[in-house]
Structure formats: C-alpha cells, structure tokens
Amino acid sequence: MGGVFPRWSNTVFWIVVVCLGLILLGTPAFLMIYVRTPQITGQFKPLKQPVEFDHRHHVRDDGIQCLYCHSLAEKSATAGIPSTDVCMGCHSQIWNESTLLEPVRDSFFSGRPIRWNRVHDLPDFVFFNHSIHVSSGIDCRNCHGMVGTMARVYQVEKLTMGWCLDCHRNPEQFLGPAADQPALGDEEAQISGVNVRGAKWRVIPPSLTHGEIDEAFVPRRITCSACHR
Amino acid sequence: MRDGFLAELADRHALIAAASHMRALGYRQLDAFSPYPIIELEEAMGIRRSWLPWLILAGGIAGAATAYFFQWFLVAVLYPLNVGGRPAHMPAAFVPITFEMGVLFASFAAFFGALFFSRLPRLWDPVSDVDTFDRASLDGLWLRVGGDDPKFSAARTAQELRDVGALAVRRVGGRA
Amino acid sequence: MRAAADPVLVGSPTDGELSDRLLAPVWRAGGPGWKILFLVTFAGTLMLGFLVSYTVVEGIGLWGNNIPAAWAFAIINFVWWIGIGHAGTFISAILFLFEQKWRTSINRFSEAMTLFAVMQAGLFPLLHLGRPWFFYWLFPYPDTMEVWPQVKSALPWDAAAVSTYFTVSLLFWYLGLLPDLAGVRDRAPGKVRRVIYGIFALGWRGSVRAWRHYRVAYLILAGLATPLVLSVHSVVSSDFAIGVVPGWHSTIFPPYFVAGAIFSGFAMVITLAIPARAALGLHGVITERHLDNLAKMTLVTGLAVSYGYICEYFISWYSGDPFELYQYWVARPTGPGSVVFYLMILGNVIVPQFLWSKRIRRNAKWLFIASILINVGMWSERFVIIVMSLEREYLVSKWHDYAPTWVDLGILTGTLCFFLFLFLLFLRFVPFISASEMKELAHELKEEEKAANA
Amino acid sequence: MNDRNRDTLNRALAGDSGGLSRREALRLLGASAGLAGLGACQQPPSKKILPYVNRPADVTPGMPDYYATSMVLDGFATGLLIESHQGRPTKVEGNPEHPASLGKAGVLEQASVLGVYDPDRATQISHRQVVSSWPAFVREVARHGPSQGLRFVLPPQSSPVLADLVDAIAGHHPGARFVYHSPVSRKEAYRATQAIYGTPLEVQRDFSRAKVVVSFEADFLATMPFSVRAAHDYGKRRHLAAPDGDMGRLYVVETVPSATGSVADNRLRSRSRDIWRIAAQVVSALLAQQAQGLPPALARQITAAAGSVGPWAQAVARDLLRYPGESIVVAGDAQPAATHLLAQVANHILGNVGKSVWLTAPAILDPLGDHDLAGLVSEIHAGAVDRLIILEGNPVYTAPADLEFERALARVRQTAHVSLFDNETSAACKWLVPAKHYLESWGDARAYDGTISFVQPLLRPLYAARSVIEVLGLFSGRAVISDHELVESYWQSRRPIGASFRSWWQTHLQRGVVPDTAAPRATAQATWAQAGAILASAPADGDSLEIRFPVSPAVYDGRFANNVWLQELPGTVTRLSWGNALLVSPATAKAMRVSDTDVVTVERAGRRVRAPILEIPGHADGVVSLYLGYGRRGSERAARGVGTNAYLLRTTDADSFARDVTVTRTGEHHDLALAQLHWDLHDRPIAFSTTAAIYRANPDFTERARGPAPSLLPNYGRSGNQWAMTIDTGICTGCSACVIACQAENNIMVVGRKGVMGGREMQWLRIDRYYKDPSKPDPEVIHQPMLCQHCENAPCEYVCPVNATVHSPDGLNEMVYNRCVGTRFCSNNCPYKVRRFNWFEYADPSIRKLQRNPDVTVRDRGVMEKCTYCVQRIRRAEIAANLGHRDLRPGEVQTACQQTCPTGAIQFGSLSHPDTDMVRWRQQPRQYDCLHEVGTRPRTQYLAKITNPNPEIK
C-alpha cells in the first residue's frame, strides 16, 4: 500500500514543530517584555489636560520652583495638585484675560474644581509618601524626570515595583551630594526647576553603608509594609 | 542509507540468522525492522550500547543544579526575606524542587534523546514507500541493506538476501 | 515464572491476530453503551466547566470552606486524584523494573488513568486559589515586582512535583505508545486516520536502532519514574506535614501517603479494568491472574495504610501531646462528621482484609465492589486528615464545623465525569493495550513454553 | 469649614475621589485579567484628579485632621475626637480632655461613624409618604398660633440650648408639654434619690479609688451612662502590677451575664425581682454593725424586708465594713427604686457619701419623667393633643406594648417625626423630617457629671436633614433657625464675664469641652422622707418564670440596629451576632426541655413572641431574657426582620423585667449566628486565670506558657523598634470597643448572618470568651482579645508560596494583600486562627464606603487579611518622626484597639522603650504566651486573669 506521507512532509513537520516551539516559548517571553514597555507602564505619553498648562514656561522661563505649586510634597503623602486659588494668585494679575486660562477662571468663580488628568498613578495598594522621600533628599527628577522640559507632562519612569526597589535597595545611588555642596549645575537646576534641597533636609551621605543608613535614617527600605498596608 | 534493498523475513529466527549472515558477509549498513524489540538482533548486527544514559545523566545533573542555583539565588541573594524566622538559604527546603527538576530534565533528555538518536521524528523515509513494508509495525520483519554499503551491489546483494531466506526483496529509494 | 499455573495471556495468538485484536478498537465505531456513557460523562464535564466558571466569577465562597477549615473539598479531591494517578506509574515503571510480565496488558491503560487522574488533580490547586488568575506567581519568572516564589513552602514543591509527574508520565506513556501509533498508521482504514495517527507516530518504523534507544529510554524513564512516584505523594504529604496543625504535623506522612496513593490507585485500576474487560471482551488478555495480582497489591498497600493509622494513633498517645490526643482519640471518632472517619476505617482497613481470600480476589464482582469501597475509603481518609484536623485545631474558640455546598459536590462529580470522559475517549481512540509489548510477551511465552517442553 | 466639606463630599458622591475610583478600576482590571490570564498587561483608563478650588488653610490633603465633638446618648454626652480625611469623618476616638471619655470610646461611639453614611437614612422631607419640602413642613406644622395641644416626644436631654428652647416654647405655647422618653429609663434611680434627699439627684462614683464595689445588676463598665469613664477608672484600679498588689474586689449580683459580671470576683445569680432583697440583706448585715445616721424605723423596715441574712450577704457586708469610705454600692438602672435606695443606704452607712460617692444635680431635664408616654396616650385619647412632634427616638417601636402607641398616634391631627431613618414611628406619623446625624449637627450637651460638651459638625448634612434644636426652634417664636446660630447665640449670651467670646468659643469648640463645668456636689441632706414608701413598693417574690429585657450591648435599644458593624458584633457574653435569642441558664433550659436553636413562644399577659433559645452559663435560673433592640420592622434594610422584638412583651408596669411568663416549644429551629461555638478550654494553654491568693503563693503558675521557646532556627537581628503588644485579660471586660475600633480603622467589611454562621466573619480582632469550668452553673469567664500574635517564628509565613506574608525587621508579621493568591495555607497553619479570608467580594459598594480609611487597602476578593498592628499608624508616625529629625517617642504609636480600650487592657509599643506599660507588664510573673508550646514566639503576650474572690464565700 505504501506510506501515507510524501517526502515533503518531513520538512513541513519540522517547520510546524519549530513554529509551535517558538509560540510556546515566545509567548511568555513576549509578555514579559511587553509589560515593561511604555505601552503598559504608561511612560512617555503626554496627557492632554483641561488647561494647556506648560511646565516649560513656568519652570524654565519663570523659574518657579516645584514646591511653589506642589507645596504639600514636603508635608504630606501627596504632593498636591495646586488648588485653583494658587493659579489665580498670579493669573489674576497677569494673563488675566487669556483665553487659555478660561477654564481656570471658570473654576475659580464657579467653585468647581478643574478636572486634571492623572499622570503618575500608582495602584491603590501602594502607599507612596512624598514627604519622606523629599525630606530624605530624593530629587523630584528621580521619579518625575525633567518636568521643566515638558510641554505636556508625561511619566518618565516605569513606576513598577522593581523600579522602586532599585532605589530602596541602594538609596545612596540616588541621593544627591550632601546639603552643603551645590546640588546641581545652575543650568540644570534651571531647566528642571528642581531646587527642593536645602539645608533643612536631611541628606544621606553616600558614603554610608546599608546598615548605617538603616540605623540612622530610614530603617525600612524594602520591607513590604513600607508601601503595602 | 537512502536506497538499497529491503528483504522480508518469515520469522524472528530467520531475521536474526539473515542479519548475522549478512554481517558475516561484510555488510555494515544493515538495518532491521520489527513490530517489537528483538534484543538478539542487536547483537547479531553488532550494534553497540546506546550512550543515551550518559545524556540522561547530564540532563538530570543540569536540571538539579539549575534548580538549586535558582532557589538559592532568588530567595537568598536577590530578595532575601525573613520568612517565619527561617534562614534565607535553607538547603533542606530546597531539596524537593531540586530533585523534581533533576528528574524532569533527565526525562526530557531520555525522551528527546531517544528520538534524536533514532533520527526521529521523520514522517517519510524511503522504506515507507515500499509496498507491504507497513506490515513492519504489525507482524512483518524486514532486513535492510543500505545502498551506500561498500559491499553493496545491486545484483549480488539481492541474491544474497534471497539466499538467507528472504520471502521477498525490494528495492528502496531511487527509481524503483 | 509460574506461568503454567495461571496464564497472563490465554491462547497463543500470532502477531497479526494480536495487532488486529488490540488495534482494531481504534477504528471500530463505539457501541451504544459507549455512546450513552460518552454522552453522560460529557454532560458531567460540561457541568464541571460551568461550576468552575461559576467559582472563578463569584469566588470560592461558593464552597463550604470556612475559617478554620480553609481547605476542604478542593484539596481532598486533589490529593485523592493524584493518589489514584500513582498506580499507573507504579504498574508501568516499578513492575517493569521488576520484570513482572502480567503488567503488560494493563500498563497502557493504567498509565492513561494516571494522566487523566493527574489532570483532574491539577485542576484543583489552581481552582482553589482565591485569585486563580495569579497562579503563575508560584513559578519563578522575572516579574516587574522583582518578587519571587517562596520555596520554603510546600506549595511550590507541589507545583514542581505535580507538573514534573504529569510531564514524565506523559513522556513515558507517549514513548510506549509510539510503536502502536505506527501500527494504527499502517493498519487503519482510511487515509485521514492514517495521517493523523501517522503524525503522532512521529515516523516510527520499528528500526532496530530506534528500538535500541527506545528500550534504553524506556528503561531509564521507568527508573526515573520510580522515585518520582514515591516523591510526588511525599511532597503532597508535606503540604500537611510541614504545618503545625495537630493531625498534620506527622513524620509518618510521606510513606503513609505513598502507600495510600498506590492503594487507591490499584483500587481505581480494578474499578476501571473489570468493566472495560467485560465490555470489550478482553478476558484473554486481562485474565483472572491480573485481577488476582492487582488485588494482592491492593492488600499489601492497604496493610501499609493501616500500619500508618496505627502509627499515628500510637505516636499521638506516646507523645502525650494534648492537641493530638484530642484530635485522634476524640475529634475523629466522636466529632462532627465521624461517619466519614468510620467510612475510612471500613474502606481502608476492613475491606482489604477480605482480599486475603483467593475466591474474592478472583471474583470480578466482589473485587469490583471492594475497589469502589476502597476508593470511597481513601477519599474519606483525605477528608478526615484535611477537614477534621482543621475543624478541631489548637484554639478552642475557633472550632467550627464544615459542610460542603452543592458546588463542592458538583465539582467532585464533575471531575469523576471528566475523568471517565477522557477514559472513554482513550478506549476509543488509543490502543489501550500495548500491542507491541503483547507481541513481545507472546514470543517470550512461546520460547518459555518451548524450553519447558524440551 | 463647610464649603470645604461640601467640596470633598460632592466629589466623593460623584465617585470621583481618587481612592475610590482607582479601586474600582482595579477590580475591573482584576476581572479582565482573570479572563485574559495576564494580570500585568492591562492598563487602567486615565483617571482624574480634582484639586480644591480654594484649599482651606487647615486641611492638608493626604493627611487626616482631628476635630472634637460629642456624641449624646439619652442625654449624656461623651466627648470624642473624629478623624477626618478631607472632609470625610472616618473614625471616632475618645477626647482625652472629656471626663466621660478620657481618650477612650465605647462600642456605640466607635460605631457611630458608620451611621452618618447609612445608605438607609431618610433623605427627604415627606408628608404621608409623598416628598414634601421644609417650607411646607414649617407652614403646616410649625407656624401656628399658641396652642394647647402641642406635644413633643424626645429622648432625655441635657443640652442647655435645648433647655433654653424648651423655656421659649413654653412661653410661646403655654400648653406645650415635653415627654422625654427612652426605653432605657433611669427613672427608678431618680425616684430613689428623691425619696432620700427630697429632690432627684445623680449619684456620682469614683471607681478609681474604691476598694470594694458591690453592683446590684449595674453594668457600670459597659452599658450604663458614663461607663467608658467608669471602665477607665476601674482598669486603672484593677490592674495588678505585682503578685502582692492590691486589686480591690468586685461583687456583682445579676440576672443576665454582663460585661461587668464577667469580671466580678464574686458573682451571684439572681432573678431581677429578688435582687433588691439581696441588697436588703447586705444592708441589714451592715446595720447589725453600724446603724447611726439612719432613721431607726427605716432600719427596722429594711431588716424586716431582708428576712434571714444569708452567708453571702454576711460576707459581703463584712468585706464592705473593712473599708469604710472606700467602697461603692451601685444599683442598675433596670432595678426598682428600692434597690437604688438600699444601695444608697449602704453608701451612707459605709461613709462613702462625700468620698467615693457623691451627689450632683442631674444633668438631664425632667429626670423623674413627670410627663411620660402613658400620660401622653391618655391625653391623646382624651382629644387634648392636636400636634405631636416626635424628635428622634422610635416610640412606636419602643413604647410599652400596652400603650398601643401606634393606634394613639393615628388619632392626632398633625404628627411629625424627625428621624435619621424612616422607621416604625415615621411610618405612623404624617410628616417625616430627616434628622441630622450628630456628625452633621451643631449642639451641646452635658456629660453625666455635668460637664458642658459641644457638638460640632464634621460635614454638611448629606441630605435635607434638620437637627432637633432646629425643629424646636420653629416653635420657639425665634427668628434664628440654624442649629449653628442657635448654639452660638446661646453661648454668646452666656459667655464668661470678661472673656472675648470669639476666642472663648474657638478654644472650647476645638477642645470640645468646657473644663471645670462638672456639676457641683449637691448639698442636700438625706432626710429619708419617702424611703419607707419606696421600700414598701419593692417587688414581691414568687415562683413564676420571669423575663428580663436587657438593653443590647451592640444595638442598644434598637436605634443602632441598622449599623452593620454593630449587628455583626458578637455579644459580649452571648457571642451572638445578627439577632437576639431567648437567653436561659442551662439548668432552666433543661427544666423547660429546650436547647439551643429551639424556637419557643414566649407569652406574657396575652402577648406573645417567638424566639430561639440560647443557653448561657451564668444566667440566673428561673428567668429568661431577651435583648431589646431587635425585630425591627422599619425601612432599615440591615435591621429589618433580624431577631425578635422584645418590646412586644413590655408593658408600662414591667419595662425591665416581668413575671408570669410562659415558654412553650414550637418544635421549630432557628440557626444562630454565633461567632464562637466552643468555650471549654480542655486544659489547653490558651488562657490562664487564678485567684490573687494562689498567685501570691505561686507567682509562676503560668510558667509552662512563657519564656524562650526552644528552636533550631537562628535568631534574626532585633535592632531598632520592635513592636509588641501586651494584653491584661484581668481587666478586659469583653466590651468589644476594640473590635469596632479595629473595624473602623482597618476597613473591615461585614459578611452578614450567613457569613458568620459559615465561620467567615472578617473582624481582625475578636474577643474569645472561655468558661473556666463550663459545667458549673456560674463558671468563671475569661475574655481573651485574640488578634494576630505577630509571631517571631510565624507558622503562617513559611507556608506562603508567594511571599505574601513575611516578617518585617521591626517584628511585624506583614500581610501583603496585593501579592496574595489565596492558597489559605497560612490560615490553616495559624494556631490562633486570626487570619481572615475574602471568600467573596465583601467590599460594600454603598455610600458606607465613604467611611473607609484611605491609609488602608480595601481588600479584594480572594486574599487573606489579618491584624497588622495598625501598621499604617506605625509608618505614619515613623515618617513624622523622620521629618522631625527625631526618634519615635514611647507611646507615640497607638493601635486602634489600644487607643479605645476603656480599661486600658491593651498596651502596644516598641520593646526598645523599656519604660512603658507594655514592656513592664510583660515582665510580670503572670505573663504568658497563648499556645506557648507551639513555639511561635508571639509578640502579642497576655497577662493571666487574676480574680480576688472573697475567701469567706465558698
């Protein structure tokens, strides 16, 4: 009767086997890579905001410091989106008839808050506290990037747990020089608008070991309940 | 061994006799097909011991070592945590997974090694085009002489096969 | 061998006859009995699918579990099924190593039984999770959290053991199946069937070189599967033995679990073999000798299980631990659900004693009934260990009784149906007795006979 | 302040508040990921942030604020601090400056925060079930000329503002009458003091110094007014610092086991109607030793009434006489005036009056209840009432059954109910005006001791609600309407001379209390004028079956019945949640041939109810009892149909206990949602107790359950703060305030009756109740607060396959919800069974979610949870300390349970602060670890319960 398989079936068989193998191994590999892409982490996506607020203008051109508007960053868990009256503090005087500022005036006079779109969003089970990071000497830019160069703000860092741990395991790498040394080149400071570090913040000298940092500063760098409660 | 002759034998004793006879005649590119394993045939054809066991051993050791290394590296080095007061590196707790992975890798080595050494999977082979060869998986017993055997000769070999009791001799491969 | 006393193969069929007889069910249409059973078990499988989805959507609150009995039916079913799986590998691997000829006619379908039982078992560790969609956190993969599994827990051991066990059993089974798949490829009517079986046969042609590697691989896989059989239920037993729960925290658990697993597995083989043999007219290949041997194995392992019980009770008394004393001497015999405890004693201690009798061992009907009782008994044992221990743990204030819900019962029934469903498919589409091994056996027997006659 | 609150609230109601919508998105994420099998590959949709338009200066988003206010219950104020997150009150704590609280809060106060977010609250003014409006109500009901037929029914009141309004109304409507009605009447106590002193007076007691306390059915530690303070003082007094310390002695005579009874050194079970006679026996025994100051006729009457004095009373009297001026004899509100009288006689004989006991003018208006519901009903039937305004309360439900108040209401032309809920009374009234919750109201009140306390709102009313004084204001003829203006203008007119009102007002509002305004000690002399008559009115004895109507320790008289936390709170002694049951002693149950869950019919004077039986060891024989507050049939969904309505058996002449009751079996069964089914210790080393005498002789009686546990495991470093807890079971009364505090702090969901019956309750902290010798008729009770023990060698941790529960360097057993896959192995392996599993999605989607603490994750379905030692508080304090460049101070971190525990039985802190009670306590010899021998090394440790029974009583 003879075989049922023609000669080419060998080739086809192997092609199929290799393809199946690739799919089997490739799918998880692809997914693991995919979750690290900006598509999933939400990086580099400038969000349209109800007000065309331009950080470049305010930070670079006007030299306004982060903490002027995000004033809660050193006191509270949240850095705080400025309330409308903070905007109007200046804009009642300048550009007070600009159409771009219509939503701000609208909010101020109607009492309805401006509905900003969230750029940096952590899951609900993560309790991030701005004040402890800022006061420990973490530069705003470490997490938020060069906001002063962004027209519309976007997320720069991955904000995954692994990314958090990078710093929590080795905080000294991400801390600036001690308070008495100039933190940043003037130009850089000017661009980023970051100038949060003054003498009143406690800065961890990079020479300390983990143990010494534990002892003297933040004792729980990587314990779960530092962030998950 | 793309072409050559395929000779059908009546029973296992005939097959064993034919194989050892052909080997005695100096043929080396011999192969036989049977529906069940015939150990004496391997001896008759002078086939050496398989070294698949060594591959399997290597697979097992590799699996176990990888498993232990990963357990140690992940829980004692990458992210050591205080779990129930236990030390981060706790060899006793790593044993089961190490063992299981050793067995798993060894089994993979055994299965895929056996296929690989048998040159499988191969859906098509010249012999499968031979009529009635399909009985080889049921009750047929066949001896094959490869066309690349230095002693191979289209006329003489067929005759020699008939002489050792082949019920039928068929040409494999080429243009039949 | 005492082959003369009792045949493992009746008559002396030729290779061709054996091929026809053992391969033909693959291309013959199933009878009406098969069809009815198929439909019934298929419906049960659909119900299982529905209940699984229902549980995943609503939460495992649908089950009867509570605190303290946070584990119940799911884990009982898991341990029970995986225990049943043990006999297949035991028969095909350990008996192979001991060159027990009688294993030949039953090893294929006991291995299939193993695979299908492990498939049922594998369902439960997944399903019983509170958040089954995160099951992959039990495996080490580079996640964005940079957190890893905790390998001091017995559950990752379990994941490794069960998946290894399934994989190795599958490879072992498939390797043994290759010659028969080739047989079907070459013998079956119709091209489609030949092509399909041909692809699965991977081009097996029975070359002497292939047989050589095949034999080595098969032997070593059998050698690997042997410690695996022993390790899997040992690991499963550590799911309990590493805990501090009175009734779990016991060093006898690994051997006693392994014995119990093989015990229940043999019982299940008997449960499946007796009806299959009758329905398919295989009295010639599955002879009374097989039943007798299976029953003897059941008796031996059953005695081992009884010994385990005695040890547990002895140690609980000897240690004087008040929690264990209460657990073993009060909670189990007199506590809530003590009926299950007595079912366990009936099935696992009393019923096996009847197997001392040769007449019962060789009587298919009684043996079948005994095997069912043993299966029930082993399920009860897991209930007793898991649920009854948890119901009466350390802290008196949190003693609480457990009662299953209809979802629990439905899922158990569903897995039974799914198991039978797979088994019916197997009987119909896979040569369920190894034709190549039978041929080898037939020749060996012939040689022996010749030698004996000479 | 109000603008701000409205701002936040509007956002929250629109579902826009960051936390809430984020959470829901997460759930969707979970669901879709479940289908796709790819948890990490979904991205939630972009979410909104809504900043303030004008940020108030005193609000820091992300940080809680605390405001002082007071909760008033039947007239008496308890000062509270309310934790508020951007305008959302989330948690109630005691006000340390307030004398009724001293920083502690009870069950009802703790749970009250959920009431403001009750989804079943009345939302709109309605007239005959049709939506109406405030102007219409004002026009139809309030704006009438002076009227003779105007009547008000309201709970007892101590508010000066309200008193002022009452006077104003009396001026405007000369015939108006006020009926102060509460089902929990204290009238008998006032009748007794009136009989002695000629005027009703409040008896004040100082438990912090009493050496011997005798309680005649007074649950002064849990359900009486001022009980939080009493428990605080009692806890301070009773805590035994060393084996030879002095702990005083507490005698309790009672019918139904109560919190107070459960911590008594000597407890005597008695039918309610016999308790006065036991009191008489004690007094009679006292009189035998010491009789001056008492009219001889009265003394003779008492001795005669007492009959022969039993050994118990003799022993108690001898004990009391040992400490003249340092003991307290107290009678319960449910007791007849005779018992109160006898208690006060005892206090006089013992010289306690003026020392441990003194008298003040009552804080509440009309203490004797000159106008009561019975009078009102007869007035109605006489046609004298044309307008009836019911301000809060629920008299249709709570009035004595013989009054048939609902029928009477129908005869009144104009009826209105100002109520939080559309309840039984609202349904019977023509008008329903939603009442403000106290967290939405302005007001004032006096504490039990007379201290002026302020009520200020934490948020604007969620609905079109009005407070009681606003409605009363309508009738006063004054132009001022809002409660804010009423309160402020009243106090402006009464500000202390010379002070600027603004600063005085601001200061005292902030403190919530005006210090040093406790009522002065009354100077009235005991004349004993009507004492004989009171004594003569004491109840007779007899053999008939008695029924007792105790107030529920959870839902009180039923007004809190829709509070799901309270419904799910297991009873202090019954351990029963979601309903009540007919409580009987095992002996009586046997005599009646009934047992647990048997449904019986209880019949009294032609009225009958059906209730399931629950046997309670320690209950008096020959009595059955049924908690008030259940069997509601208003529109409140959580309360409706739960349990049996005991009010149906109550009549005017028998409002706290009654005789001649019959109980018959129906043959039916009703499952009870009991949170604990077993209470025999089986000699297990779980809880320990002994007597002071034995403890003195053998201080090491807990030896087998303490000390280092042997282990093969290496020790982990223990530097820095190491958190730990010590609990003194000796002063735990089982009041369960900690349970509710934990529930509020940690977003613990309720599971309902079925959930509790299925063993799935979620409370992280439970109070286990053990009977030391359960076969005895009156076994000793041990309350053991059971929460995560934070074991150093935690069995739960090493069985988790995914590292979802691990140990922190500061000694916490951490539970990472978001890593949990829900294998539940940890719960199986927890010897203490303190882990809780989310079997379903328990998160309440209703408006109750506004109560949630934003610092604590709301747990998803399928994850484990458990006590965290309030890790959010620890981390917050650490951050604050870090910002302040300092170390944590001892006592800076308090867990929610510790903070509210009235007796201070729970102490929490760091082992690195040796100078704290927490550390000192655990060095006492009576310290033990629960299940020490399992080797878990728990951080939560216990002190054994020590009782000090009178050796003269066998």
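Lettering of chains follows the sequences in order, A, B, ..., and the numbering in each one begins at 1.
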Any idea which donor-acceptor pairs are under 3.5 Å between chain D and chain B?
unit_1: D/Y716; atom_1: OH; unit_2: B/R86; atom_2: O; d: 2.6
unit_1: D/E797; atom_1: OE1; unit_2: B/G84; atom_2: N; d: 2.4
unit_1: D/H807; atom_1: N; unit_2: B/N82; atom_2: O; d: 2.8

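Interface remark: D/P714 contributes backbone and side-chain atoms alike to the contact with chain B (heavy atom separation under 4.5 Å).
Closest of all the heavy-atom pairs between D/L713 and B/G84 is CD1-O, 4.0 Å.
For CG of D/D887, the number of neighbouring non-hydrogen atoms (other residues, nucleotides, ligands) closer than 6.0 Å is 12 at most. Heavy atoms of other residues, nucleotides or ligands lying less than 6.0 angstrom from CZ of B/F70 number 12 at most.
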